[in-house]
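This report concerns only the one structure given below.
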Amino acid sequence: MSFDEAHEEEKKERTLVLAEETWLHARQVGHAVNGKALLKGIDAEFAPKTMTAILSPSAAAGKTLLKTLSGRAPGETRGEVFASGRRLRKSKTSYVPEDDVHYERLTVKQMLSYSALLRCPKAWTHDDKMDKVDEIIQLLGLGRVAEERLGQIDLADRKRASAAVEFLSTHSLLFMDRPMHGLGENAAALAFHLSTGAKVERRTILATVDAAESSWQLLTSFDKLLVLSDDLPDGATVVFQGPPAQLPDYLQRGGTTLPLHENPAEFFVHRLKEGGGVAGGPTPDEWIDIWHASDLKLSQQQVAEHNLNKLLNEPEPPPPADGSPSSPPPRDTASLEITGGQDSDDDDDDGDEVSALAVSSTWPPICGTPDDAKMKKKQQQQRVRSAKDIVKNLQTLV
């Protein structure tokens, strides 16, 4: 292999992946708005390179959990949330709303090119960033519409484009609100591309899914299902989480007979919605007890605690040589209490990171320090410089 060929291979290896692998842990997370409890006692572990479907009788419960774990839920949130053993920061997560907005006169490739110029590391060359755009386009199945205007492509491709924008960031935690909604038979293809993208790009993806419009074949393309029981006086909570293949056996062990050829997830969510009154079966409150007493829950809890303790005890990585604010936040092994700010869905506003999830070992949490203000000012200056760089490159893309 010649030097030039070796250099090209080295460059491809260097630009292959933007994000670092991130474990997400939630321990006893609860959420309330105006004194009304919406979530209670959420314990969960989400591994890198996986995609998890969140299902619930109502779309509101799943969306509340999604926003709470990503630091975007208004109201009061209590509990512990860790990203690879460190406190979660909203500015280090990506969030795709159900109805994303794009500039419809741009082509798919133009929009992703602008995103790459804004989001990819500044150390990358222009060619590096454009190569990454081409890679993400192929990875998420956008090749056939890359030169089409966003206003002319169908809903499934627009949702792919929304995900592609976030795949061009360095954020490894991706939260998606109902990405399969309204896609019909096209939902399976989108799920396949997202699952493949999670593994190739080392992302941790959480997505809310409507069980009533999702086939069992579609749901088995997810690595994990998390089912919530909602409409309870003290808030929605988990009644199952694990690989899809484990759900039918779990239902039978809980005393429910699964009808032949029935979608297990849709059947379970329907039972939770009806309160167990249809043909008998456990009530939602009883399913909570069944879950907490199950061997599946106990084994998951042991593994999650082991993984989290290992991450908490890892040594701190050295700070960047240039002293930039991109270094990870310090570990805090105390019991963390978090509070959600009144933030919008704009997941790129790095300045909101302190108010979104302010961390403290006391209550109420401390919402910022002088160092946070300096960091915020420096980030704003960096965004201004990035915007100027974008303007210089626009003519090369249009």
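This chain uses plain numbering: 1 for the first residue, then up along the sequence.
With contacts defined as side-chain heavy-atom distances shorter than 4.5 Å, the pair Glu305/Arg27 qualifies. No side-chain heavy atom of Phe175 sits less than 4.5 Å from a side-chain heavy atom of Thr208. Within the 4.5 Å cutoff, no side-chain heavy atoms of Asp285 are placed close to those of Asp289. Arg105 places a side-chain heavy atom less than 4.5 Å from the side chain of Arg149. In this structure, Leu117 and His126 have side chains that are in contact, with non-hydrogen atoms separated by less than 4.5 Å. Using a 4.5 Å cut-off on side-chain heavy atoms (C-beta onward), Lys224 and Thr50 make no contact. Side chains of Leu55 and Leu219 form a contact here, defined as non-hydrogen atoms less than 4.5 Å apart. Counting only heavy atoms from C-beta outward, the side chains of Pro282 and Ile290 approach each other to under 4.5 Å.
Checked by atom type and distance alone, the side chain of Ser195 never pairs as donor or acceptor with a backbone atom of Phe192 at under 3.5 Å. Here the side chain of His193 pairs no donor or acceptor atom with the backbone of Gln138 at under 3.5 angstrom. Formation of a donor-acceptor pair under 3.5 Å by the Thr107 side chain with backbone atoms of Glu148 is not found in this model. In this structure a side-chain-to-backbone donor-acceptor pair under 3.5 Å is present from Arg160 to Leu140. Side chain of Asn263 to backbone of Ser214: a donor-acceptor contact under 3.5 angstrom is found. Using a distance-only test at 3.5 Å, with no hydrogens or angles considered, a donor-acceptor pair links the side chain of Ser172 to the main chain of Glu20. In this structure, Arg158 contributes its side chain and Ile153 its backbone to a donor-acceptor pair below 3.5 Å. Proximity of a side-chain donor or acceptor of Thr204 to a complementary backbone N or O of Thr22 within less than 3.5 Å is detected. Under a 3.5 Å cut-off, the side chain of Lys159 and the backbone N or O of Asp154 do not form any donor-acceptor pair. In this structure, the side chain of Gln300 engages the main chain of Gln241 through a donor-acceptor pair within 3.5 Å.
Between the OH atom in Tyr95 and the CE atom in Met176 there is a gap of 10.5 Å [rounded to 0.5 Å]. Rounding to the nearest 0.5 Å places OG of Ser58 at 8.5 Å from CG of Leu228. Rounded to the nearest 0.5 Å, atoms CH2 (Trp124) and CG (Asp131) are 9.5 Å apart. For the atom pair NZ (Lys40) and CG (Leu232), the distance works out to 9.5 Å, reported to the nearest 0.5 Å. Here the CG atom belonging to Leu66 is positioned 9.0 Å from the NZ atom belonging to Lys63, to the nearest 0.5 angstrom. Taken from CG in Leu190 to CG in Leu218, the straight-line distance is 9.0 Å, to the nearest 0.5 Å.
Asp100 and Ser162 are linked by a side-chain donor-acceptor pair at a separation below 3.5 angstrom, with hydrogens and angles left out of the test. In this structure, a donor-acceptor pair under 3.5 Å is absent between the side chains of Gln301 and Asp43. Between the side chains of Arg72 and Thr93, a donor-acceptor pair is found at a separation under 3.5 Å. Side-chain atoms of Lys109 and Ser113 form no donor-acceptor pair, as typed in the model, at a separation below 3.5 Å.
A continuous path of Ile, Leu, Val, Met, Phe, Trp and Tyr side chains, each step under 4.5 Å between heavy atoms, connects Val96 with Leu155, placing both in one hydrophobic cluster. Val81 and Leu38 end up in different hydrophobic clusters when Ile, Leu, Val, Met, Phe, Trp and Tyr side chains are linked at under 4.5 Å.
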Evaluation steps, salt bridge (charged side-chain N to carboxylate O under 4.0 Å, His left out), between Asp157 and Arg144: CA-CA 10 Å; Asp157 287 326; Arg144 59 186 174 78; 3.2 Å; yes
Check against side chain to side chain contact (heavy atoms under 4.5 Å, CB included), Trp287 and Thr256: CA-CA 11 Å; Trp287 274 116; Thr256 297; 3.3 Å; yes
Arg178 and Asp210: CA distance, side-chain angles, deciding distance, side chain to side chain contact (heavy atoms under 4.5 Å, CB included) verdict: CA-CA 7 Å; Arg178 303 181 78 190; Asp210 188 344; 3.6 Å; yes
Residue pair Val33, Thr64: steps toward the side chain to side chain contact (heavy atoms under 4.5 Å, CB included) verdict: CA-CA 11 Å; Val33 175; Thr64 299; over 6 Å; no
Trace of the side chain to side chain contact (heavy atoms under 4.5 Å, CB included) decision for Met111 with Tyr103: CA-CA 8 Å; Met111 178 190 69; Tyr103 185 60; over 6 Å; no
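Contact record, Phe267 with Pro259: CE1-CD, 3.5 Å, taken as the closest heavy-atom pair. Summarising the geometry of Leu194 relative to Ala163, their closest heavy-atom pair is CD2-CB, 3.7 Å, with the distance given to 0.1 Å. Listed here is the closest heavy atom pair of Leu88 and Leu24: CD1-CD1, 4.3 Å. The nearest pair of heavy atoms linking Leu139 to Gly197 is CD2-CA, 3.7 Å. Closest non-hydrogen pair, Ala156 versus Asn186, comes out as CB-CB, 4.1 Å. Contact detail for Met180 and Phe222: the closest heavy-atom pair is CE-CZ, 3.8 Å.
Between Asp249 and the options Gln252, Gln246, Arg253, a side chain to side chain donor-acceptor pair (under 3.5 Å) holds for only Arg253. For the salt bridge (charged side-chain N to carboxylate O under 4.0 Å, His left out) with Asp223, the qualifying choice from Arg203, Lys49, Lys199 is Lys199, the only one to do so. Among Lys132, His171, Glu166, the one residue that satisfies the side-chain contact (heavy atoms from CB on, under 4.5 Å) test with Arg119 is Glu166.
Note on ring orientation: taking the six-membered ring where Trp is involved, the planes of Phe268 and Tyr250 are perpendicular (angle over 60°, cut-offs 30° and 60°).
Residue Gln217 places its CD atom among 12 or fewer non-hydrogen atoms of other residues, nucleotides or ligands, all under 6.0 Å distant.
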